[in-house]
Amino acid sequence: MLRSHTCGELRAAHVGQEVTLVGWIDTVRDHGGLRFIDLRDRYGRTQVTLSPDSIDVNSLESLRSEQVLQVVGRVETRPDGMKNPRLETGEIELIGTTASILGDCPPLPFDFSRGDQVNDELRFQYRFLDMRRAEVQKRFQLRSDLQHEIRNYLHQRRFIDLETPMLTKSTPEGARDFLVPSRLNPGELYALPQSPQIFKQLFMVAGFDRYMQIVRCFRDEDLRADRQPEFTQLDLEMACVEEDDIMELLEGLMAHVVQALTGKQVETPFRRICYEDAQLRYSSDSPDLRSDLEIFELSDLALEMGFKVFSGAVEAGGAVRAIRVPGGGEWSRKEIESLEAIVKNQGAGGLAWMKRSDQGLAGPVARFCENEAGAALVERSGMEVGDLCYFVADASKRIVINSLSFLRKELANRLGHLKPGALEFCWVTEFPLFDEDEESGLPVPCHHPFTSPNPEDLERLESAPLSVRARAYDLVLNGFEVGGGSIRIHQRDLQERVFEAIGLSHEEAQSKFSFLLEALKYGAPPHGGIALGIDRLVMILAGDESIREVIAFPKTQRGTCLLTGAPTGVSDAQLDEVGLQLAPIDEPDAEPNEGENC
RNA sequence: GGGGAAGUAGCUCAAUUGGUUAGAGUCCCGGCCUGUCGAGCCGGUGGUUGCGGGUUCGAGUCCCGUCUUCCUCGCCA
């Protein structure tokens with residue numbers, strides 16, 4: 001070994017020992033003759049003192065940040081008054097006798113000590129430097145610890161860790177697939193898995209009644225702060241279970257990992273909210289329960305209030321909904337109206353409001369509240385003196401819901417409801433089995449086509465498919481969907497009925513999912529499971545606002561890698577080999593230097 | 001595909017209604033300094049204001065286009 005100890009290890013007990021440290025130079029404090037160096041590695045920082053009394057200073061002229069330095073020396077107690085209580089190793093210092101630079105380093109491309117404030121573009125281009133920062137290392141330690149705790153917890157409960165293929169079959173439903181050509185089969189392509197869904201169901205048929213895997217998944221869709229084209233899931237599946245079994249397992253797992261990683265206690269069981277309630281009360285299918293702000297429906301009253309903006313929206317098939325802001329009556333007009341930009345950003349025409357003081361109602365909506373409907377509104381809102389109420393009306397229900405969703409988030413933020421470190425889990429249940437496809441009008445699965453319908457609604461599968469509820473559940477943490485799962489269909493005939501309901505012919509179903517349908521014939525036990533977004537979970541536990549921060553080498557919003565430059569063109573020879581030809585790109589100013597092979 | 005924000009020194013930012021030679025901190029380089037831990041003090045180098053047009057006597061600032069990064073709608077079974 002080139003070192004005897006790490007930079008976080010030495011204590012008063014080591015005083016007098018001859019040791020060798022290797023680390024990166026964190027800072028150099030140069031007093032002319034005497035130099036102090038903070039040497040840093042994964043484990044901590046140790047002060048190295050280079051004095052002309054103990055080392056040939058001419059041998060080390062230019063010490064700079066982030067050089068890799070090896071120091072041999074003796075551990076000494078620091079003089080009285082010179083100890084640093086903020087450093088684990090602050091009782092001692094290493095008096096260097098020889099030092100050598102093992103890895104030189106030029107001046108850095110960005111300010112290391114203020115890494116959090118540096119452009120993402122630069123940070124991710126030099127991610128290997130960015131990750132050297134202690135704060136970043138902490139995130140990845142947390143990520144590693146989380147995965148370790150998850151595996152331990154599940155293995156103690158007799159889950160078996162099984163792997164599934166990365167090169168698999170394209171299933172055009174759902175998200176767009178990433179495609180991989182096959183040299184041995186020109187003209188045919190693999191797809192990278194969107195999830196191991198079908199494979200884990202086959203494990204159930206195979207008798208591995210408790211399966212788990214921490215696995216990479218791929219979806220070729222647009223990126224967001226919480227969405228990357230490749231991401232990591234905890235995938236698990238159990239045989240002979242119902243909803244409650246999966247939920248209880250996950251509640252125990254979450255409580256365990258949160259306790260292990262943060263020391264915090266999580267209350268179980270988690271709150272359960274049905275999908276319809278979540279949409280109405282929180283304007284979201286993943287409500288952030290750190291805030292208790294609630295939205296209420298006004299469409300019925302809006303028709304009677306005599307306010308054309310409201311009644312017009314409802315008559316056009318839209319909605320009017322409102323949110324009460326306790327204490328918002330104190331806000332200035334300017335403050336109140338500053339939130340309008342948020343809803344306009346979602347396409348809403350404007351943001352109406354009304355406040356209640358001891359002198360009665362005030363604000364743009366107040367004069368429409370003098371009639372009976374208005375009184376009912378005040379009653380329903382629960383407005384008290386000192387409160388404020390915001391209203392969103394639009395001919396598009398989607399715009400109303402989106403606007404209120406963003407408004408609620410911002411209000412929760414302004415009211416200080418989003419306390420750092422708070423963790424509010426909940427389940428969202430009773431999702432519809434299908435959504436309506438806007439183009440074809442056909443039902444499309446909300447979750448995936450293997451989700452079991454609620455038995456109570458089964459008779460409507462053909463007659464009124466959109467009214468059928470699914471045996472599906474989402475796990476939500478602080479407003480983020482961190483997991484989703486369901487009880488699956490384990491009977492072949494029911495699976496075929498669902499395929500039919502979504503407009504898949506018998507032949508299509510066969511060609512796409514024959515292996516699943518075949519497997520369901522051969523003694524498939526009832527089963528269900530869930531998949532958990534590891535990146536999102538780590539992000540929340542680390543207090544970050546983007547999963548990029550907890551992914552070592554993430555993609556930009558355009559799906560490129562700033563570090564490697566991927567994706568790139570490949571040589572004609574490579575294309576030939578896999579039997580691919582690239583279509584010309586419709587770009588007037590295509591860059592010639594990339595034209596060699598695309 | 002739509003909406004929004006940002007882009008000025010290696011980095012983080014400033015620059016009045018369009019007005020003289022685009023500044024500061026940091027980094028880097030040089031000098032001084034033996035108890036610092038955000039070391040200190042003195043001096044210095046460093047700019048195609050993302051790119052391309054336009055308006056103007058004059059553009060970092062206004063207009064148009066474009067590129068990049070970020071946020072978001074659509075999209076994400």
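Keep in mind that the numbers below use all heavy atoms, side chains included, and drop hydrogens, waters and symmetry copies. Residue numbers begin at 1 in each chain, while the letters A, B, ... track the order of the sequences.
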S.K.: If the sugar-phosphate is the primed atoms plus P, OP1 and OP2 and the base is the rest, what is the B/S/- string for nucleotides 35-46 of chain B, using protein heavy atoms under 4.0 Å?
M.R.: BBBSB-------
S.K.: Using only modelled atom types and a 3.5 angstrom limit, is any donor from either the side chain of A:R219 or the base of B:rC76 paired with an acceptor on the other?
M.R.: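 Side chain to base: no pair below 3.5 Å.
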S.K.: How many Å lie between CD on A:E121 and C1' on B:rG10, as a whole number?
M.R.: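 After rounding, the reported distance stands at 15 Å.
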S.K.: Watson-Crick or G-U wobble partner for B:rC29, using a 3.5 Å limit on both distances?
M.R.: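 Check on B:rC29: paired to B:rG43, both distances under 3.5 Å.
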S.K.: I'd like the P distance from B:rA5 over to B:rC41, given in whole Å.
M.R.: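 Taking atom P in both B:rC41 and B:rA5, they lie 41 Å apart.
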S.K.: Would you mind reading off the distance between A:D544 atom CG and B:rC71 atom C1', rounded to a whole angstrom?
M.R.: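 Distance check: A:D544 CG to B:rC71 C1' gives 16 Å.
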S.K.: May I ask you to say what A:D53 touches in the nucleic acid, namely base, sugar-phosphate or nothing, with a heavy-atom cut-off under 4.0 Å?
M.R.: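 Base, at least one base atom sits under 4.0 Å.
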S.K.: Can you tell if the side chain of A:R139 reaches within under 4.5 Å of the side chain of A:E549, non-hydrogen atoms only?
M.R.: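 In short, these two side chains touch, coming nearer than 4.5 Å.
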S.K.: Between B:rG58 and B:rA15, how far is it from one P atom to the other, in whole Å?
M.R.: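 B:rG58 and B:rA15 have their P atoms separated by 25 Å.
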S.K.: Any strand is fair game: report the nucleotide pairing with B:rG18 by Watson-Crick or G-U wobble, both distances under 3.5 Å, or none.
M.R.: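 Result: none.
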S.K.: Judged by atom type as modelled, is there a donor-acceptor pair below 3.5 Å linking the side chain of A:T168 to the main-chain atoms of A:A191?
M.R.: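 No, the answer is negative, given that no donor and acceptor are paired below the 3.5 Å cut-off.
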S.K.: Without swapping roles, check the side chain of A:R45 against the backbone of A:D26 for a donor-acceptor pair under 3.5 Å.
M.R.: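 Looks like no, no N/O pair under 3.5 Å.
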S.K.: Using whole Å, what does the distance between atom P of nucleotide B:rC70 and atom CD of A:Q117 come to?
M.R.: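 Going from A:Q117 (CD) to B:rC70 (P), I get 19 Å.
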S.K.: Which nucleotide, B:rC76, B:rU69, B:rC71, lies nearest any side-chain atom of A:R558?
M.R.: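 My answer, after comparing the listed nucleotides, is B:rU69.
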S.K.: Using a 4.0 Å heavy-atom cut-off across all strands, classify A:Q557 as base, sugar-phosphate, or nothing.
M.R.: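 Touches a base.
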S.K.: For residues 215-223 of chain A, which side-chain donor-acceptor pairs fall under 3.5 Å, sequence neighbours excluded?
M.R.:
{"residue": "A:R216", "atom": "NE", "partner": "A:T232", "partner atom": "OG1", "Å": "3.4"}
{"residue": "A:R216", "atom": "NH1", "partner": "A:E230", "partner atom": "OE1", "Å": "2.7"}
{"residue": "A:R219", "atom": "NE", "partner": "A:Q194", "partner atom": "O", "Å": "3.3"}
{"residue": "A:R219", "atom": "NH2", "partner": "A:Q194", "partner atom": "O", "Å": "3.1"}
{"residue": "A:E221", "atom": "OE1", "partner": "A:R176", "partner atom": "NH1", "Å": "3.0"}
{"residue": "A:E221", "atom": "OE2", "partner": "A:R176", "partner atom": "N", "Å": "2.8"}

S.K.: Taking atom C1' of B:rC75 as reference, at what distance in whole Å does atom CG of A:D435 sit?
M.R.: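 Interatomic distance, CG of A:D435 to C1' of B:rC75: 13 Å.
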S.K.: To the nearest Å, give me how far apart CG (A:D120) and C1' (B:rU12) are.
M.R.: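 Answer to the nearest Å: 14 Å.
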S.K.: Could you write nucleotides 24-29 of chain B as a row of B, S and -, 5' to 3', where a protein heavy atom under 4.0 Å of any base atom gives B, of only sugar-phosphate atoms gives S, and otherwise -?
M.R.: -BS-SS
S.K.: For B:rG35, give the paired nucleotide (Watson-Crick: N1-N3 plus N6-O4 or O6-N4; G-U: N1-O2 and O6-N3; both under 3.5 Å), or none.
M.R.: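 WC or wobble partner does not exist here.
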S.K.: Closest-nucleotide mapping onto RNA chain B: is A:E221 or A:K555 further toward the 5' terminus? I mean the 5' end.
M.R.: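 Its nucleotide being nearer the 5' end, the pick is A:K555.
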S.K.: Remember a base hit wins even if backbone is also touched, and classify A:T560 as base, sugar-phosphate or nothing at under 4.0 Å, heavy atoms.
M.R.: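 Sugar-phosphate contact only.
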S.K.: For the C1' atoms, the ones on B:rU61 and on B:rU17, what distance do you get once it is rounded to whole angstrom?
M.R.: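 My reading of the C1' atoms in B:rU61 and B:rU17 gives 11 Å.
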S.K.: A:I401 CD1 to B:rC73 C1': how many Å, rounded?
M.R.: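 The distance from CD1 of A:I401 to C1' of B:rC73 comes to 14 Å, rounded to the nearest Å.
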S.K.: Name all residues meeting the ring-ring contact (aromatic ring centres under 6.0 Å, His included) criterion together with A:F513; count only those two or more places apart in sequence or in a different chain, and write none if there are none.
M.R.: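 A:F513: ring-ring contact (aromatic ring centres under 6.0 Å, His included) contacts with A:F450, A:F499.
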S.K.: With a 3.5 Å distance limit and no angle check, can you tell me whether A:Q47 reaches the backbone of A:T89 through a side-chain donor-acceptor pair?
M.R.: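 It does not hold such a pair.
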S.K.: Check the side chains of A:R488 and A:H448 for a donor-acceptor pair under 3.5 angstrom, ignoring hydrogens and angles.
M.R.: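 Yes - a donor-acceptor pair under 3.5 Å links their side chains.
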S.K.: How far, in whole Å, is B:rG18 from B:rA59 if one measures between their C1' atoms?
M.R.: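 6 Å, rounded to whole Å.
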S.K.: Within 45° of the axis and under 6.0 Å from the centre of the six-membered ring of A:F406, does NZ or CZ of A:K409 qualify?
M.R.: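 A:K409 over A:F406 ring: yes.
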S.K.: So what does A:L223 hit on the nucleic acid, given a heavy-atom distance under 4.0 Å: a base, only sugar-phosphate, or nothing?
M.R.: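 No contact.
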S.K.: Quantified in whole Å, what is the P atom distance between nucleotide B:rU16 and nucleotide B:rC70?
M.R.: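 Straight-line distance between the two P atoms is 30 Å.
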S.K.: What is the base-pairing partner of B:rG7, counting Watson-Crick and G-U wobble geometry with both distances under 3.5 Å?
M.R.: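 Pair assignment: B:rG7 / B:rC67.
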S.K.: Assign A:F450 to base, sugar-phosphate, or nothing according to its heavy-atom contacts below 4.0 angstrom with the strands shown.
M.R.: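 It contacts nothing in the nucleic acid.
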S.K.: Could you go through residues 469-477 of chain A and list every donor-acceptor pair under 3.5 Å that involves a side-chain atom there, pairing it with any protein atom two or more places apart or in another chain?
M.R.:
{"residue": "A:R469", "atom": "NE", "partner": "A:D457", "partner atom": "OD2", "Å": "2.9"}
{"residue": "A:R469", "atom": "NH1", "partner": "A:E430", "partner atom": "OE1", "Å": "2.9"}
{"residue": "A:R469", "atom": "NH2", "partner": "A:E456", "partner atom": "OE1", "Å": "3.2"}
{"residue": "A:R469", "atom": "NH2", "partner": "A:D457", "partner atom": "OD1", "Å": "3.2"}
{"residue": "A:R471", "atom": "NE", "partner": "A:E243", "partner atom": "OE1", "Å": "3.4"}
{"residue": "A:R471", "atom": "NE", "partner": "A:E243", "partner atom": "OE2", "Å": "2.9"}
{"residue": "A:R471", "atom": "NH2", "partner": "A:E243", "partner atom": "OE1", "Å": "2.9"}
{"residue": "A:Y473", "atom": "OH", "partner": "A:S486", "partner atom": "N", "Å": "3.4"}
{"residue": "A:Y473", "atom": "OH", "partner": "A:S486", "partner atom": "O", "Å": "3.2"}
{"residue": "A:Y473", "atom": "OH", "partner": "A:G529", "partner atom": "O", "Å": "2.9"}

S.K.: Please report the shortest heavy-atom distance between A:G349 and A:D394, naming the atom on each side.
M.R.: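 Looking at all heavy atoms of both residues, the closest pair is N-OD2, 4.0 Å.
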S.K.: Base of B:rG7, side chain of A:N119 - is there a donor-acceptor contact under 3.5 Å?
M.R.: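 Checked by distance alone, the answer is no.
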S.K.: Find the distance between CG (A:L461) and CG (A:L433) and round it off to the nearest 0.5 Å.
M.R.: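 One gets 7.0 Å once the value is rounded to the nearest 0.5 Å.
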S.K.: Take atom P in B:rG46 and the same atom in B:rU68, then report the distance between them in whole Å.
M.R.: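 Pairwise P distance, B:rG46 against B:rU68, rounds to 32 Å.
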S.K.: Which sits closer to the 5' end of RNA chain B, A:G174 or A:L562, going by the nucleotide each is nearest to?
M.R.: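 Final value for this comparison: A:L562.
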S.K.: Measure the distance from CZ on A:F110 to P on B:rC13 and round it to the nearest whole Å.
M.R.: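 Nearest whole value for this atom pair: 14 Å.
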S.K.: Suppose you measure atom P in B:rG44 against the same atom in B:rG23; what distance do you get, rounded to whole Å?
M.R.: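 It comes out at 14 Å once rounded to the nearest Å.
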S.K.: Mind checking the C1' distance from B:rG30 to B:rG35? Whole angstroms is fine.
M.R.: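 25 Å, rounded to whole Å.
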S.K.: Heavy atoms under 4.0 Å, any strand shown: does A:R123 hit a base, just sugar-phosphate, or nothing?
M.R.: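 Nothing, no nucleic acid heavy atom in range.
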S.K.: Send over the distance from A:D226 CG to B:rC75 C1', rounded to a whole Å.
M.R.: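 It works out to 13 Å between those atoms.
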S.K.: Go through the structure and list residues passing salt bridge (charged side-chain N to carboxylate O under 4.0 Å, His left out) with A:D53, not counting sequence neighbours.
M.R.: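 Not a single residue meets the salt bridge (charged side-chain N to carboxylate O under 4.0 Å, His left out) criterion with A:D53.
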S.K.: Between B:rU12, B:rU34, B:rU68, which nucleotide has the shortest distance from any of its atoms to the side chain of A:P52?
M.R.: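 Of all the options, the side chain of A:P52 is nearest to B:rU34.
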S.K.: Out of B:rC71, B:rU34, B:rG74, which nucleotide sits closest to the side chain of A:R398?
M.R.: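 Of the candidates, B:rG74 comes closest.
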